[in-house]
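All of these numbers come straight from a predicted model, not from anything done at the bench. Ligands are counted one by one from 1 in listed order, and the atoms in each one are counted from 1 as well.
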Amino acid sequence: MTTGKYPILFEPVKIGPVTAPNRFYQVPHCTGMGYLRPRADAALRGMKAEGGWGVVCNQETEIHPTSDLSPSPEGRLWDAADIPALRLMTDAIHKHGALAGIELAHNGAHAANLLTRAPVLSPSGGTINAMHPKQSRAMDKADIRDLRRWHRAAARRSREAGFDIIYVYAGHEMTLTQHFLLPQHNQRSDEYGGTLTNRVRLIRELLEETREEVGDTCAVAFRFAVDQMQGDAGMQATGEGREVVQMLADLPDLWDVNVSDWANDSATTRFQPEDGYQNEYIRFVKDVTQRPVVGVGRLTSPDMMVSMIEKGIVDFIGAARPSIADPFLPAKIREDRIEEIRECIGCNICVACDNQSIPIRCTQNPTMGEEWRRGWHPEQVAPKGAAEAALVIGAGPAGLECAMQLAKRGYAVTLADAREDLGGRALREGSLAGLAAWRRVADNRLHDLRQRANVSIYVQSRLSAAEVAELGIANVFVATGATWRGDGAGRTSHGPIPVDGAMRVLTPDDIMDGTVPPAGPIAIYDDDPAYMGGVLASQLAEAGRDVTLITPAPIVSPWTEMTLEQERIQTTLVALGVQIMTCRTLVRVTDKACVTSGVYGEAEQTIACASVLMVTSRHRDTALYDELAAMRAAGDIALDTLELIGDAAQPGLIADAVQSGHAAARAFEGDPAATDAAYFRREMIALADEGEHA
Ligand SMILES: Cc1cc2nc3c(=O)[nH]c(=O)nc-3n(C[C@H](O)[C@H](O)[C@H](O)COP(=O)(O)O)c2cc1C
Ligand code: SF4
């Protein structure tokens, strides 16, 4: 087998009794499928193995009904009835020669037990780490014995399900084992509390008992957050984090180390622009243990990977998001196809799906989560049908993806865009503070398109309907995008808000076009739940402007809680001196001020400003499509296909636009799974014979 220019990455590595075929290690990550959609989950993991990941793990896996993460469908191994579903996954992974890992988890006070209504368990009792008005119960000795018994049983069942690597998991401040470790959560006075030796006792027991249970058939891994990134207020890699590794040094067969909490671990590029951002925290681990070490931190560049191995920071290149954005990343490195890697942009849409308890999706990889239900392969698409050519109008995320997939299928593709720089909103939003990595959505696709002889690209070509007719291409995909409204209509005010003509009103598009708001205070009216209002507020404040952000929401950019960014966004704005007015609706704009009221119409308040930046909602740009549709209806243009895609069809996330372009390209002359008629396969719950539960 070839190993490309980076042979070190393709060396086999022993993990206790098993051997990974290479150093590419997909660390545990949720999929929003878990026990609810086991076939889909198995197909997703199998795709990673097919793409070359030497180890493919599942996700945090509840070991008992007292660790019930409902409504999130995570892994579940409460009893033997869960084994067959997990067996699907291990079979799919083994089929491609990879090792399968399972992350056993008791989530303690992170699991609200909403389905089971079991008591919530924690080392010392108290509040729970979930937005639910419930408290946890301090575990007594019998509870600890029970926990050890459940973990042991889950380890045994994991082996029966075919897993090669079995985890003990103390990370993300989401697990009982980590809660025992941290004085913040553990105030016990018995042998499980107080000194670090006592606080580490439970982990030691679980590691030893897991090994006893699985013998030398499986490796025992320990996922451990070495630093809470809270400075002196939390565990630090320079203090107890290091001591824990020293105390347990060679007990596990593998150390999977990272930082906590989840927002720090799965940091977005907006707040952690550098890949490899965890290296400074984890680099000590290999000095302290003989066991192989895996680390993470949006690792996509093979040069960075090699240097991490050569510098002795890790043995395995761990990845969640890079493996989601490109399941074939290892294969592309092996085959010297580095430029083809779809690099993760660090937007955390994948994380948002988990937080919404829905199947995973990814901005860069529209096939993620669709492997089973639509049969989509990230690297393969059906060859073209009878038609020869297609025209894609608009080179934003939807247009680029559609054009690329059509070109891969073999059509002669003409791609035209009104602007000089291609990439649409990926490029434009990528110009905003902290979002530079988002340009990768355009870079990856443009690179692909420019390699292809069957693609013609026209820039600065705003096509009229007549020009489209002149081109004589019978299949047209219109991806003309959407523009931000300046009239204030949005989620709260469904119609335009009265604005005095003397006030300067701007939109996010104006800022992205380089317009500088006139001197004086700027009021941002943010009625959009996502990131845009917060991004613009921080960009303008960083430029020294006096900014007030007014929002009907109770917090800034509320949807960004899903991407684990909200607290950072709001903290940053406060630090930058942005005035934040929550639960306020914009009533009208005078020549010198915004007039707001409470969301239920309470007392009006006036905020003096020199300009208003409306971040409310977007207009679909359908003028060209509408004209073409009218011409087609009148018989003035012969079109076999006329389809609106992306934001022009339905404004949403960049991920939605990419997915729309992808689905349209697959559905064109073919893939019935991409059409509405057979939207996707549903994973149905089999009704067990009543007798089985009697
Ligand atoms: C969608 C998603 C789900 C995750 N779920 C888990 C999980 O179930 N268990 C876990 O230990 N880590 C989980 N993580 C954290 C990752 O394993 C990883 O440590 C983190 O994302 C940093 O690595 P990356 O930069 O390669 O993504 C998840 C990450 C993502 C993106
Ligand atoms: S959704 Fe965004 S952060 Fe997640 S893997 Fe895809 S590109 Fe990366």
Side-chain angles (χ1 to χ4, degrees), residues 24-34 41 44 53 57-62 69 72-75 101-105 107 110 167-175 177-178 221-225 256-270 272 274-279 282 294-300 305 316-327 329 341-369 378 397 426 435 437-438 440-441 444 562-565 653-656 658-659:
F24 291 93
Y25 194 114
Q26 183 242 276
V27 291
H29 76 75
C30 307
T31 57
M33 294 166 175
D41 210 352
L44 181 156
W53 296 88
C57 297
N58 79 329
Q59 56 198 313
E60 57 177 343
T61 303
E62 305 164 356
L69 291 164
S72 294
E74 317 287 274
I102 182 167
E103 186 181 53
L104 300 183
N107 293 87
H110 179 68
Y167 269 77
V168 173
Y169 170 32
H172 299 112
E173 294 182 51
M174 290 179 180
T175 59
T177 40
Q178 194 187 12
F222 181 37
R223 182 154 233 216
F224 172 51
D256 176 348
V257 283
N258 62 352
V259 295
S260 71
D261 56 8
W262 194 15
N264 287 323
D265 182 30
S266 298
T268 57
T269 42
R270 185 166 169 192
Q272 276 292 6
E274 298 297 324
D275 298 355
Y277 55 86
Q278 303 199 18
N279 287 353
I282 63 162
V294 54
V296 291
R298 273 197 331 267
L299 304 173
T300 304
M305 294 174 188
F316 284 103
I317 303 303
R321 291 167 297 172
S323 75
I324 294 167
D326 198 338
L329 184 147
I341 294 172
R342 265 190 315 273
E343 293 173 296
C344 168
I345 68 167
C347 60
N348 275 5
I349 295 306
C350 50
V351 169
C353 297
D354 189 50
N355 283 327
Q356 293 167 104
S357 304
I358 54 167
I360 191 166
R361 55 205 57 163
C362 167
T363 303
Q364 276 285 54
N365 175 12
T367 68
M368 177 52 40
L435 304 187
W438 292 21
R440 294 172 176 179
V441 173
N444 170 270
M562 300 298 139
T563 53
L564 308 175
E565 297 174 297
L653 296 165
I654 294 179
D656 298 321
V658 172
Q659 194 272 353

Ignoring angles and geometry beyond distance, decide whether [X] reaches within less than 3.5 Å of ligand 1 through its nitrogen or oxygen atoms.
X	value
S266	yes
R321	yes
Q278	no

Nearest heavy atom to [atom]: which of [options] does it belong to?
atom	options	result
atom 10 (C) of ligand 1	E60, Q26, R223	R223
atom 5 (N) of ligand 1	A319, P28, C30	C30
atom 16 (C) of ligand 1	P322, A320, G75, S72	A320

Proximal ligand 1 atoms for [X], defined as those under 4.0 Å from one of its heavy atoms:
X	answer
Y277	25 (O)
R298	24 (P), 25 (O), 26 (O)
V27	17 (O)
V296	19 (O), 22 (C), 23 (O)
C350	1 (C), 31 (C)

Min side-chain heavy-atom separation Q364-V658 under 4.5 Å = no
So is H172 in contact with ligand 1, going by heavy-atom distances below 4.0 Å?
-> yes
Does ligand 1 have any atom sitting under 4.0 Å from a heavy atom of D265?
-> yes
Of the non-hydrogen atoms in [X] and [Y], which two are nearest, and what is the gap between them?
X	Y	answer
P378	N365	CB-OD1, 4.2 Å
N348	S266	ND2-O, 2.8 Å
R223	P28	NH1-O, 4.0 Å
N264	Y277	O-CE1, 3.7 Å
H172	N258	NE2-ND2, 3.6 Å
C57	Y25	SG-CE2, 3.7 Å

Is a side-chain donor or acceptor of R342 paired with a backbone partner of A325 at a separation under 3.5 angstrom?
-> yes
Is it true that a side-chain atom of R321 and a backbone atom of C362 form a donor plus acceptor pair closer than 3.5 Å?
-> no
Does the side chain of [X] pick up a donor-acceptor pair with the side chain of [Y] at under 3.5 Å?
X	Y	value
Q278	D265	yes
Q59	D354	no
E565	T268	yes

List the steps and the verdict of ring pair (Phe, Tyr, Trp, His ring centres under 6.0 Å) for Y169 and Y167.
-> CA-CA 6 Å; Y169 170 32; Y167 269 77; 7.7 Å; no
So which bit of Y167 gets within less than 4.0 Å of ligand 1, heavy atoms only: side chain, backbone, both or neither?
-> neither
Of all the non-hydrogen atoms in the protein, which one sits nearest to atom 9 (N) of ligand 1, and at what distance?
-> E103 OE1, 2.8 Å
Which protein N, O or S atoms sit under 2.8 Å from atom 8 (Fe) of ligand 2?
-> C344 SG
